[in-house]
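Reading through the structure tokens given below for one structure.
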Amino acid sequence: MSKIPVIIDCDPGHDDVFAIMLALASDKIDIKAITTTCGNSTVENTTQNALNVLNYFGRGDIPVAMGCADPMLFPLDRSAGKKVHGESGLEGPVFPTHNLKPVDMKAVDLIAKILRESEDKVVIAPLGPLCNIALLFICYPELKEKIAYITLMGGNTYGGNVTPSAEYNIWVDPESAYVVFEGGVPIIMHSINSTNMASVDDATVESWKQIDTKGGKLAVELMDFYTISSKARNKKTYNICDANAIAYIIDPSLYEILYTDVEVDLVGEHTRGRTVTELRTRANGMDLESYYQKYLHRHYRKNCGAVINADAEGFAKLVTESLKKL
Amino acid sequence: MSRIPVVFDSDPGIDDFFAWMLLNSSDKYDIRAVTTVPGNNTLETVTRNARGIYRLFRMSGTRLAAGASTHMLKPVDVPPGAHGPTGLGTVELDPGDVKLDEKKAWDVIYEEAVKAKGELEIIAVGPLTNLGIAFFKYADLKKLVKRIVIMGGSTTQGNMGPFGEANICHDSHAADIVFKTGIPIVMVGLNALPPCAMEGDQMEELMPENINPEVKDVCLRIMQSRHYPLCDAVTVAAVLDENLAQWVDCYVDIETRSPLTTGITICDLAGSKDYFGGDGARQKCKVAITTDGKLYYDMFREMFKKYCW
């Protein structure tokens with residue numbers, strides 16, 4: 001069986017690194033590139049973090065391209081990212097020095113090049129704000145058809161994380177998210193709510209200490225920091241959210257998906273950056289199509305597969321097994 | 001123990017009927033006034049229903065006042081279907097000689113708040129227009145009200161828009177005013193209701209033999225039009241016995257601007273504001289997460305005993 005070509009667009013980030021590790025360990029995934037965006041830290045930092053991780057695993061062959069430094073309309077607000085991931089975006093692990101550099105090409109152009117040259121459709125896995133993917137859709141709309149699907153970590157079906165009504169990746173750049181969700185490419189949305197369902201517990205994290213591989217060691221170092229910042233938010237389990245977007249490519253059966261209407265809110269006083277997800281089957285006594293025509297003056301569409309349930313045990317097992325292979 | 005003075009603001013309404021019935025049967029509260037607001041039907045219809053309910057429950061001494069005929073920024077938009085043509089399914093109650101107060105709802109609320117010297121509670125189970133007007137008109141009212149109990153909103157799904165609930169959506173601006181008053185707020189939303197679902201035949205089983213025949217007849221005929229939990233009744237039940245619900249304290253904000261999300265009650269269950277800061281509400285509300293159906297049924301059984309005459 002040929003491997004699935006995947007581009008990981010990310011802002012590492014502790015959970016991003018778990019996602020990258022799942023992809024590196026999987027014999028189903030061929031990582032075509034890692035592209036970076038601002039988000040958990042500056043794009044310079046997230047790029048350096050990505051290179052550090054690839055070097056650590058001896059995978060300098062995977063091209064890294066640096067992407068957007070700021071969201072579409074406003075400068076990056078770093079305060080929340082610093083609280084969760086520290087100053088560098090990846091506080092905790094200390095990586096060896098190396099000479100790896102990003103390619104001399106913007107993220108959007110590397111993604112475009114790969115899509116253009118690929119015979120198979122490519123899966124894109126955005127794990128941070130959707131700046132680069134929005135730019136791709138705007139610059140190269142003709143390449144959308146070369147995307148198999150997008151499996152992204154972001155958004156919320158109910159409550160948020162960075163605000164009570166929005167999830168961080170979407171909140172950082174709602175306009176870019178809007179472009180992506182309206183883009184017509186199939187999307188699987190691993191929301192903050194669904195990824196919370198797949199949170200790992202102390203016992204799982206403890207078990208990683210017994211894994212004598214590079215992956216196991218890095219996982220423990222990452223969690224040493226990440227559990228502290230999670231506990232500061234009164235969390236008793238740890239959501240390594242981004243890893244779900246990659247786990248879906250490896251084993252979609254871990255997730256229950258509802259294909260429905262999702263629109264990103266851009267204007268709410270409180271709900272800006274919310275992925276407004278239609279979870280009902282009927283509304284105000286009408287079928288959804290009639291309801292959307294009457295109240296939102298547009299069609300009801302199923303533009304997104306929202307994850308509504310996750311197999312926490314299966315996910316933890318997949319992560320653990322992946323760490324053992326690295 | 002002295003009873004708590006309360007104003008009951010309502011848009012009867014099938015579930016309003018049973019909320020009122022529960023509240024009226026309780027020794028915990030002294031209903032100082034009932035005020036009406038459009039929502040489940042027009043002001044005219046819900047006020048006529050209110051007069052009929054007042055008569056049916058043989059109330060006296062409680063003020064009954066009509067409220068706003070429009071919402072604060074929007075006209076009244078009665079949803080088709082949910083409460084039937086009369087607002088009580090197809091039941092038309094005889095209002096008898098029940099008279100309305102000369103004063104409007106917001107003036108009655110203010111007067112009763114002044115009289116109660118800081119002890120007044122408001123139980124509001126319709127759109128919050130009357131309360132919004134009252135707080136807008138009387139700046140000192142927020143210092144005079146002890147607590148506001150609201151049926152409205154949701155921590156999860158809505159019934160108007162993907163997340164909006166009708167009472168808040170009908171007048172999100174009024175809701176925004178109320179939630180920003182700083183007065184302790186108890187919120188029972190759609191998320192908490194499913195355990196308290198009750199069908200007409202289940203209700204009939206809870207009624208004693210000697211219940212007043214007109215009361216019984218009206219209850220059961222109203223229930224013929226109802227197929228989901230009696231939201232307002234669950235709300236009253238949850239404050240008559242606060243063990244009936246599981247509660248959390250969290251910030252609640254009302255969205256008023258976005259066409260996609262206006263009317264949503266954003267409940268900060270994850271504690272985002274405590275950790276990341278942010279704008280909006282600065283006082284936590286007491287929000288029902290789920291409810292206990294058995295206690296609710298027991299409460300109905302006890303309630304019906306008070307309507308045997």
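All chains are named by letter (A, B, ...) in the order of the sequence lines, taking the proteins before the strands, and each is independently numbered beginning at 1.
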Which bit of [X] is near chain B, if near means a heavy-atom gap under 4.5 Å: side chain, backbone, both or neither?
{"X": "A/Thr157", "answer": "backbone"}
{"X": "A/Asn234", "answer": "neither"}
{"X": "A/Val262", "answer": "neither"}
{"X": "A/Leu296", "answer": "side chain"}
{"X": "A/Thr271", "answer": "both"}
{"X": "A/Arg274", "answer": "side chain"}

Residue from B/Thr36, B/Asn40, B/Asp16 passing side-chain hydrogen bond (donor to acceptor under 3.5 Å, both in side chains) with B/Ser10: B/Asp16
Residue from B/Asp249, B/Asp268, B/Asp274 passing side-chain hydrogen bond (donor to acceptor under 3.5 Å, both in side chains) with B/Lys284: B/Asp274
Donor-acceptor contact present, side-chain B/Asn41 to main-chain B/His83, <3.5 Å: no
Main-chain N/O of A/Lys302 paired to A/Asp261 side chain as donor or acceptor, under 3.5 Å: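 No; judged by distance alone, with no hydrogens or angles, the pair does not exist.
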Pairs of heavy atoms under 4.5 Å with chain B: top-ranked of A/Ala283, A/Ser79, A/Gly159, A/Ala80: A/Ala80
Max heavy-atom pair count under 4.5 Å with chain B, selected residue of A/Arg282, A/Glu278, A/Arg280: A/Arg280
Aromatic ring pairing A/His14/A/Tyr226, orientation class (parallel under 30°, perpendicular over 60°, tilted between): parallel
Aromatic plane relationship, B/His170 with B/His71 - under 30° parallel, 30 to 60° tilted, over 60° perpendicular: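 Parallel: the ring planes of B/His71 and B/His170 meet at under 30°.
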Evaluation steps, salt bridge (charged side-chain N to carboxylate O under 4.0 Å, His left out), between A/Arg272 and A/Glu175: CA-CA 10 Å; A/Arg272 181 171 149 79; A/Glu175 281 74 18; 2.8 Å; yes
Segment of B/Ile264 engaging chain A (4.5 angstrom heavy-atom cut-off): side chain
